[in-house]
Amino acid sequence: QVQLVESGGGLVQAGDSLRLSCAASGRTFLFYKMGWFRQAPGKEREFVAAIRWNSGITYYADSVKGRFTISRDNAKKTVYLQMNSLKPEDTAVYYCAEGPSSTSYLRADEYDYWGRGTQVTVSS
């Protein structure tokens with residue numbers, strides 16, 4: 001059984017930074033990918049960023065490219081999302097998710113396990 005626990009959300013002003021963490025437990029994650037998704041009120045869940053555990057290859061949505069950075073600490077089984085230059089439109093609940101490395105990083109249905117989410121609110 002895989003468990004994912006997000007932390008680090010909060011209320012910040014536009015232009016500020018936050019770092020989200022996702023602590024994973026339950027098994028070896030070497031052949032899996034970890035993703036961050038977000039969901040704003042009234043909107044569908046959308047892809048933000050992903051990383052493959054073994055290679056460290058990263059992927060980003062165009063809307064966050066250059067502002068957000070995903071990284072991992074294999075020893076701690078933790079994935080991070082460093083968010084800089086935050087904008088009000090980044091306001092959402094952020095979820096981390098885990099799935100097989102061989103499948104798409106972009107689609108939410110290609111991830112098998114999800115955390116409960118952490119709220120990020122960016123005021124203007």
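The analysis underlying the following values was restricted to heavy atoms, covering all of them including side chains, and did not include hydrogens, waters or symmetry mates.
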Could you check whether S85 and R67, counting side-chain N and O atoms only, form a donor-acceptor pair closer than 3.5 Å? no
Do the side-chain N and O atoms of T103 and K33 include a donor-acceptor pair separated by under 3.5 angstrom? yes
Do D73 and T78 pair up side chain to side chain, a donor and an acceptor below 3.5 Å, judged on atom types alone? no
Interatomic distance, CD1@I57 vs CD1@I51, rounded to 0.5 Å, equals 9.5 Å
With K65, which residues qualify under side-chain hydrogen bond (donor to acceptor under 3.5 Å, both in side chains), at least two apart? D62
What residues, two or more places apart in sequence or in another chain, satisfy side-chain contact (heavy atoms from CB on, under 4.5 Å) together with Q3? S25
Which atom pair, heavy atoms only, marks the closest approach of C22 to W36? CB-CZ2, 3.6 Å
So side chain to side chain donor-acceptor pair (under 3.5 Å) across residues 106-116, not counting sequence neighbours, yields R107-D109
Would you say the side-chain atoms of E6 pair up with the backbone N or O of C96, donor to acceptor, closer than 3.5 Å? yes
Can you sort out the partners of Y105 under ring-ring contact (aromatic ring centres under 6.0 Å, His included), two or more places apart, ordered by chain and number? F47, Y59
When you look at V48 and I70, which way does the side-chain contact (heavy atoms from CB on, under 4.5 Å) test go after all the steps? CA-CA 9 Å; V48 176; I70 188 171; over 6 Å; no
Find the distance between OG1 (T69) and CE (M83) and round it off to the nearest 0.5 Å. 11.0 Å
Just by distance, with hydrogens left out, do T121 and Q119 show a side-chain donor and acceptor under 3.5 Å apart? yes
Salt bridge R38-E46, side-chain N to carboxylate O under 4.0 Å: yes
With sequence neighbours left out, write down each residue that passes side-chain contact (heavy atoms from CB on, under 4.5 Å) with S7, or none if nothing qualifies. S21
Residues passing the salt bridge (charged side-chain N to carboxylate O under 4.0 Å, His left out) test with R19, sequence neighbours excluded, are none
Which distance, rounded to the nearest 0.5 Å, do you find between the CZ of R52 and the OH of Y32? 13.5 Å
